[in-house]
Amino acid sequence: LLDRIISDGLAEVRAAYTDPEDHHKRDGAIEGFEACRGKTPADLVTLWSEAEKSAEQIMRERREASDGDAKGYWRLRYKALQIEWTCNVVSVGLVNSGHPPLLAHLPTARGALKYAAIVNGAPTGAQDGDRL
């Protein structure tokens with residue numbers, strides 16, 4: 001499950017953020033997915049929490065950010081968002097097995113759609129309204 005979430009996510013962000021103006025978003029999203037490799041559910045929660053804190057810290061430190069600072073913030077936000085997406089899809093499987101979700105606000109309907117597509121064997125990159 002985790003490998004499929006990551007591989008599908010990487011394919012989507014590489015296709016979605018081809019414009020050089022969006023490379024900071026792409027790079028952050030890739031970093032987020034790659035950070036999830038081989039992680040346990042508890043590790044994913046820790047990773048997400050750390051990524052969120054890093055983005056918040058940059059935001060607080062750079063109230064009057066230059067463009068470079070803003071791109072640094074958004075790179076970290078996209079990293080955190082992809083870790084959260086991974087937690088979302090993993091949470092569907094956990095909830096289906098009678099366990100609590102990884103984060104209190106998860107899973108979402110889109111996470112459930114992605115989980116179903118993976119479990120039902122939909123081909124990589126095809127589907128269901130995924131939006132990272």
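Residue indices begin at 1 and follow the sequence shown.
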Rounded to the nearest 0.5 Å, the CD atom of Q57 sits from the OH atom of Y73 at a distance of 13.0 Å

Tightest non-hydrogen contact, residues L102 and P41, listed as CD2-CB, 3.5 Å

With a 4.5 Å heavy-atom cut-off, do R77 and E52 have their side chains touching? yes

Residues Y17 and H23: closest non-hydrogen pair is O-CD2, 3.5 Å

CG of N88 to CG of L81, rounded to nearest 0.5 Å, is 11.5 Å

Hey, mind stepping through R4 and D8 against salt bridge (charged side-chain N to carboxylate O under 4.0 Å, His left out) and telling me if it holds? CA-CA 6 Å; R4 178 69 186 272; D8 286 4; 2.9 Å; yes

Shortest non-hydrogen pair, L47 vs A35, comes out as CD2-CB, 3.3 Å

In this structure, CD1 of I6 is separated from OG1 of T86 (nearest 0.5 Å) by 6.0 Å

When rounded to the nearest 0.5 Å, the distance separating CD of E50 from CD1 of I83 is 8.5 Å

Run the side-chain contact (heavy atoms from CB on, under 4.5 Å) check on L106 and T108 step by step: do they pass?
-> CA-CA 5 Å; L106 300 178; T108 66; 4.2 Å; yes

- Query: Distance-only, no hydrogens or angles: does the S97 side chain make a donor-acceptor pair with backbone N or O of G93 under 3.5 Å?
  - Reply: yes

All heavy atoms of K71 vs all of H24, minimum pair found to be O-CD2, 3.6 Å

CD1 of I30 to CG of D27, rounded to nearest 0.5 Å, is 6.0 Å

Are V90 and V95 connected in a single hydrophobic cluster, I mean Ile/Leu/Val/Met/Phe/Trp/Tyr linked by side-chain heavy atoms less than 4.5 Å apart? no

| With a 3.5 Å cut-off and no angle check, do the side chains of T46 and D43 form a donor-acceptor pair? | no

Check: Should W85 and R110 count as side-chain neighbours, where that means a heavy-atom distance under 4.5 Å?
Finding: yes

On a heavy-atom basis, the closest approach of V13 and A29 is CG1-CB, 3.6 Å

Output for pair (E34 CD, Q82 CD), nearest 0.5 Å, gives 12.0 Å

Could you go step by step and tell me if C36 and L44 meet the side-chain contact (heavy atoms from CB on, under 4.5 Å) rule? CA-CA 6 Å; C36 295; L44 291 172; 3.7 Å; yes

Scanning both residues in full, the closest heavy-atom pair of L103 with S91 reads N-OG, 4.3 Å

- Message: Can you tell me how the ring of W48 sits relative to the ring of H105, calling it parallel under 30°, perpendicular over 60° and tilted otherwise?
- Response: tilted

Go through it in stages, so that I can follow the logic: the residues are I118 and K114, the test is side-chain contact (heavy atoms from CB on, under 4.5 Å), and I'd like the CA-CA distance, side-chain angles, deciding distance and then a yes or no. CA-CA 6 Å; I118 291 171; K114 180 63 177 179; 3.9 Å; yes

